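Take a look at the structure below.
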Amino acid sequence: MILSIAEALRKAIYDEMERDDKVFHIGEDIGIEGGFGGAFTVTLGLEKSFRDRIIDTPISEIGIFGAACGAAVMGMRPIVDVQYGDFLFCAMDQVANQIAKLRYMSGGKIKVPVVMRAPVGVTGRGSQHAQNMEPYFLSCPGIKIIAPSTAYDAYGLLKAAVRDDDPVLIFEHKLLYGAKGARKEEGAIDASSEIPDEDYTIPIGKAIVRKEGKDATIISHLLMVHHSLQAAKTLEKEGISCEVIDLRSLWPLDIGLISESVKKTGRLFIVEESPKQGGIGAEVSAQIAETIPDHLISPIVRIAAPNTPAPFSPVMEKFYIPQPERISKEVRKIIEEY
Amino acid sequence: MILSIAEALRKAIYDEMERDDKVFHIGEDIGIEGGFGGAFTVTLGLEKSFRDRIIDTPISEIGIFGAACGAAVMGMRPIVDVQYGDFLFCAMDQVANQIAKLRYMSGGKIKVPVVMRAPVGVTGRGSQHAQNMEPYFLSCPGIKIIAPSTAYDAYGLLKAAVRDDDPVLIFEHKLLYGAKGARKEEGAIDASSEIPDEDYTIPIGKAIVRKEGKDATIISHLLMVHHSLQAAKTLEKEGISCEVIDLRSLWPLDIGLISESVKKTGRLFIVEESPKQGGIGAEVSAQIAETIPDHLISPIVRIAAPNTPAPFSPVMEKFYIPQPERISKEVRKIIEEY
Amino acid sequence: MEHEDIIKELGKEKLIGFYTKMVKIRSFEERIRFLFLEGKMPGTIHQYIGMEANAVGVCSALQKDDVIASTHRPHGHAIARGLSFNEIMAELYGRTTGCCRGKGGSMHLGNLEKGMLTAIAIVGGNLPIVVGMSLAFKLMKQNRVAVSFFGDGASNEGSFHESLNMAAVLNTPSVFVCENNQYGASTSIKKVMKIENIADRARSYGIEGVIADGMDVIDVYIHAKDAIEKARKGGGPTLLELKTFRFCGHSRRDPGSYIPKEEKESWQRKDPINNFKKLLLNEGLAGEDELDDINNLIEKELDESIIFAQESPEPAPEDTLKDLYATMEVPE
Amino acid sequence: MEHEDIIKELGKEKLIGFYTKMVKIRSFEERIRFLFLEGKMPGTIHQYIGMEANAVGVCSALQKDDVIASTHRPHGHAIARGLSFNEIMAELYGRTTGCCRGKGGSMHLGNLEKGMLTAIAIVGGNLPIVVGMSLAFKLMKQNRVAVSFFGDGASNEGSFHESLNMAAVLNTPSVFVCENNQYGASTSIKKVMKIENIADRARSYGIEGVIADGMDVIDVYIHAKDAIEKARKGGGPTLLELKTFRFCGHSRRDPGSYIPKEEKESWQRKDPINNFKKLLLNEGLAGEDELDDINNLIEKELDESIIFAQESPEPAPEDTLKDLYATMEVPE
Ligand SMILES: Cc1ncc(C[n+]2csc(CCOP(=O)(O)OP(=O)(O)O)c2C)c(N)n1
Ligand SMILES: Cc1ncc(C[n+]2csc(CCOP(=O)(O)OP(=O)(O)O)c2C)c(N)n1
Ligand SMILES: [Mg+2]
Ligand SMILES: [Mg+2]
């Protein structure tokens, strides 16, 4: 059946909860009758099937993440919803000091299988409901990070995350959910997929080539995969053949696949929606520069948001988010120059 | 007079408080009679001169950073002490969502001149009192980041920070304070300097060459500057001439100075005490790789802690922190290979 | 004091002022709701319909150089604090003439020159900042007060706890106004706290907790005035809980289906504007015509502000790079 | 119940057990203080001297599969919960035989198999986790209880507020034990809260707040038992405040000069071990010899644990790279 990302995530949660009664979901407004199913409808209706395991909480992010941490340590499989990724900062101590470190501090004697679901993306709400939080967690050992750009991946990655014995942070993009009706997001992109009726997972740590090409490698995740593919399409018409890689996992990074591609194309572009400073692009760039610099025909280019918070006005917002045109322009420029 | 970093910071705070009655200091245990003067003696005794402006608080990091934020908006010049940088996570929302963004969200109509003092460094206390927090804030537009490795710089940079109209985060290293007596840290390094008796500041955003050299550029900050200099000394004896640059400011980065050096030496090593993943080294590496890749004779090398939290045992801790021997080994290896 | 005496003491002008401000808020919210529904406005909004007596009652008790801080639901606070329709409307349209030059949008309205901090859209996020603003007043020996508006939901955040305790021990001139509208997003307070009155939480900090009827602007005003003047005199912070309700969804997209019909209706009978209007008429403080004129003027002002906003220049894309640092350009 | 009756009910064995555990803690702390002063031990420590009755009273009321969570000051909790001197001592020495294999150190002691979570050195950081542990028990329909130990200082953290409220509304089997030792580091609670009893903060969450004498192991035990059994029976969380004092500095380097002499002395007269010893002797529950034997045995056990620790293997440097992920190697 064809599902949107929101639906695919919902199905994954449903299926995992049915499979394993240790799985529960906790968050604000996730299971209220007549409510939203979380800020982006992902959990809508799940409380009807699992009233005890869809747990609505006070607005208390420290409490929520701590609760998930403690429950995980005792053998449960919590999934946390944080409404907007930006609010991860409110729970940052629980995420970065506790969830990420507990196993290590215990000498490997306990495990903390928490799944944390965080919507990200710059979407007309101003600076505090807009951040792509990925870079903050890339600096934090102990957490795996995934970021599905299609419904197929969303289903398989979330299931893999629930079954993983380590903490997994899954970033979901507001413009990719495919929420419908009143909750449809402006500027949303269709990321729905055919979801086969089988129990599949997608391995954490594996990127995927979304489009093959030979002149340039474009690396991205979430919404930027779609923008990159669009740019690649434009460039293709001009005779520039781009390989587009969807990272899917930000940690661990599938540097193997990226390297293979760069060895082939000789050119690397990293596209991300967060500010360039200290972004995902920096890490990817550094790994390539220190391992296979000789394969680069041209300088690595990071295409990112500017080094500012997200502005509100649509005009500025459009400038802020790397658009397909900007991506193709940057690629074109490099190809022309080198 | 010759002062340790702790003393130089104390003097800077004293001098700034005397100069401007808008300056105040807020934090836990900073001005208690018979107490510590903060966790590392920096504010010791200051309450005797400025009882109203050395403000002891409950253990409430959200409250402390919020209080500084609000006071700054209303025209005060707060300095915050956070005991251990690790606790910044407890106040992360106030730092990253409020302090960093308020001016921007207001359309530039307000300003938030907060100085945040955060001790960092891996020092025998286990994972939660050990983190080098710099990378988390490098991803956060709106905050300037400084990191003095000498008492001279500590004095000048802190003064510059207090006078700066933007939020400034100053990372101080536990092993460089030079605290004395019972509060001396094991493994501490002497970073004291002659502090001239004049009102000087050090511009934020300017790195400095600590040692000139022609074969390789080593970039670092805080404790790693001292380790790098030691490595450079060893290498010098072997005929390898290293240029050692002390970043001093992590944001903005003095990429100009770094580039000049790399153009000269052709080799870049970035040393940092935090895990490699998503670290400062990634950003520096990416900036160099995208601007002057042709000047590189050899691949950029990041020398950092492993991608784990800090372990407790001294044996593992020593392995965790990049030691001078490791730095010289890495440089030597590259020089031999390229 | 009895209600009647109070009305006398406040006098016609002030009371008509209350009415006007409340209608301003209501009319503004009704109008932009349509602009949103018609797709003319970008972003999202959280509206203040039904809660008008809170902002107006509190802000009317403030002096010019006092400061308020607001939340994701700031339209009412902004209007009550005296921001103009123009600067608010233009901000919602993301124009350069907006109070945040288009950088903030609905959730970050503010104009510090008029005594309102840029609104903080992180639930509970403004309380610690209000402690700081009032701490600044105390340190500078200024007789000013800082007021935090926040919701019932926010009172479950750690920031609430730390802020009230810190304000208590630092004895800052702060007033914490909890607008208890019974819901945090879709969640009834009954589900997320086991106490009846949020005001009771004041006891944990050794400060006063006070309850007022958030559907009665006069009751709000009186209690707010007490708390504000107490703070101004060095008496420290107060937690003021206003019992209220929103007559709209949580945000633009929310039909509010989680609220039982009876609950909604029982609160709607307490409509702060309708009832206050009746009072004005009954007490002979105003005639229907006079009030109609007020409404009409407001509608006109709204028309103008929409035109103002729509005709205001859009920011240049590159304006994105402005306004972050006071002392430097955004580094590349 | 009167103290006398209680003593009868508890019986000799249990009471001698209390004594033994308290002396174990005290002796351990005294011993490692010297090891630190002599520079034989790495790291830093926060000691539990004077507070022994808290850990022992509470942990004695627990069942085997209950769980506790501790803080930066965890030695007493670890010993009371039944971790062995060997595994604790070896951890302080950073050896592979330590309860955290040398990865944790003093501030992160724990052994979940023995019912103690890896200690959390972030003040207030363990409370939310305890909510989660007890939530797990509730969801799994296990009759287990989770206990958080934390300090007076921690009760000013946002995490305290969120945790107690959440435990209250989720009705989890949690007990929040606030060891009010009058100081958070160098700061007197009088400076950082305007209330007398932290237990009163329970009212903000609609749960019970109880005070016990933290210098009296029996009083602690009784109140802890009530709270724990209430939680176990589905009665929800309790905030249990123990009035106590530390007879040592905050941390290894702290001479505690900020504590007035009289305050120190008045508390020292309440020494939980001395007084309990007197009680045992007075009630004829034990003779001096018997107690001396206990002390001697403990000293011997300590000697052995120091040898055990010192002779235990150091981790290999590369062990740094182990124990982070359960499912993969640390990526390069
Ligand atoms: C820290 C944080 N958590 C969650 C949210 C999402 N959110 C926005 S408004 C809201 C409800 C707030 O309830 P309340 O404080 O009662 O204010 P009200 O909306 O009723 O005015 C929530 C959960 C947020 N903005 N910030
Ligand atoms: C979030 C956080 N802030 C500050 C500290 C530094 N610190 C460690 S212990 C301590 C005092 C704690 O006081 P209390 O909670 O009363 O416990 P006690 O030390 O008295 O047992 C402080 C401030 C910390 N570890 N974590
Ligand atoms: Mg509400
Ligand atoms: Mg204490």
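Everything numeric in this text was worked out from a predicted model, so none of it was measured. Chain letters run A, B, ... following the sequence lines, proteins first, then strands; residues in each count from 1.
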Partners passing side chain to side chain contact (heavy atoms under 4.5 Å, CB included) against Ala202(D) (at least two apart in sequence or in another chain): Ile207(D), Leu239(D)

Pairs satisfying ring pair (Phe, Tyr, Trp, His ring centres under 6.0 Å), at least one member in residues 118-147 of chain C, at least two apart: none

Determine which donor-acceptor pairs between chain D and chain C fall under 3.5 Å and list them with their distances.
residue	atom	partner	partner atom	Å
Ser155(D)	O	His161(C)	NE2	2.7
Asn156(D)	OD1	Asn165(C)	ND2	3.0
Gly158(D)	N	Glu162(C)	OE2	2.6
His161(D)	NE2	Ser155(C)	O	2.7
Glu162(D)	OE2	Gly158(C)	N	2.6
Asn165(D)	OD1	Arg201(C)	NH2	3.1
Asn165(D)	ND2	Asn156(C)	OD1	3.0
Asn165(D)	ND2	Val192(C)	O	3.0
Val192(D)	O	Asn165(C)	ND2	2.9
Arg201(D)	NE	Ser204(C)	O	3.0
Arg201(D)	NH2	Asn165(C)	OD1	3.1
Arg201(D)	NH2	Ser204(C)	O	3.2
Ser204(D)	O	Arg201(C)	NE	3.0
Ser204(D)	O	Arg201(C)	NH2	3.2
Ser204(D)	OG	Ser204(C)	OG	2.9

Partners passing side chain to side chain contact (heavy atoms under 4.5 Å, CB included) against Ala224(D) (at least two apart in sequence or in another chain): Val58(D), Ala61(D), Ile228(D), Leu240(D)

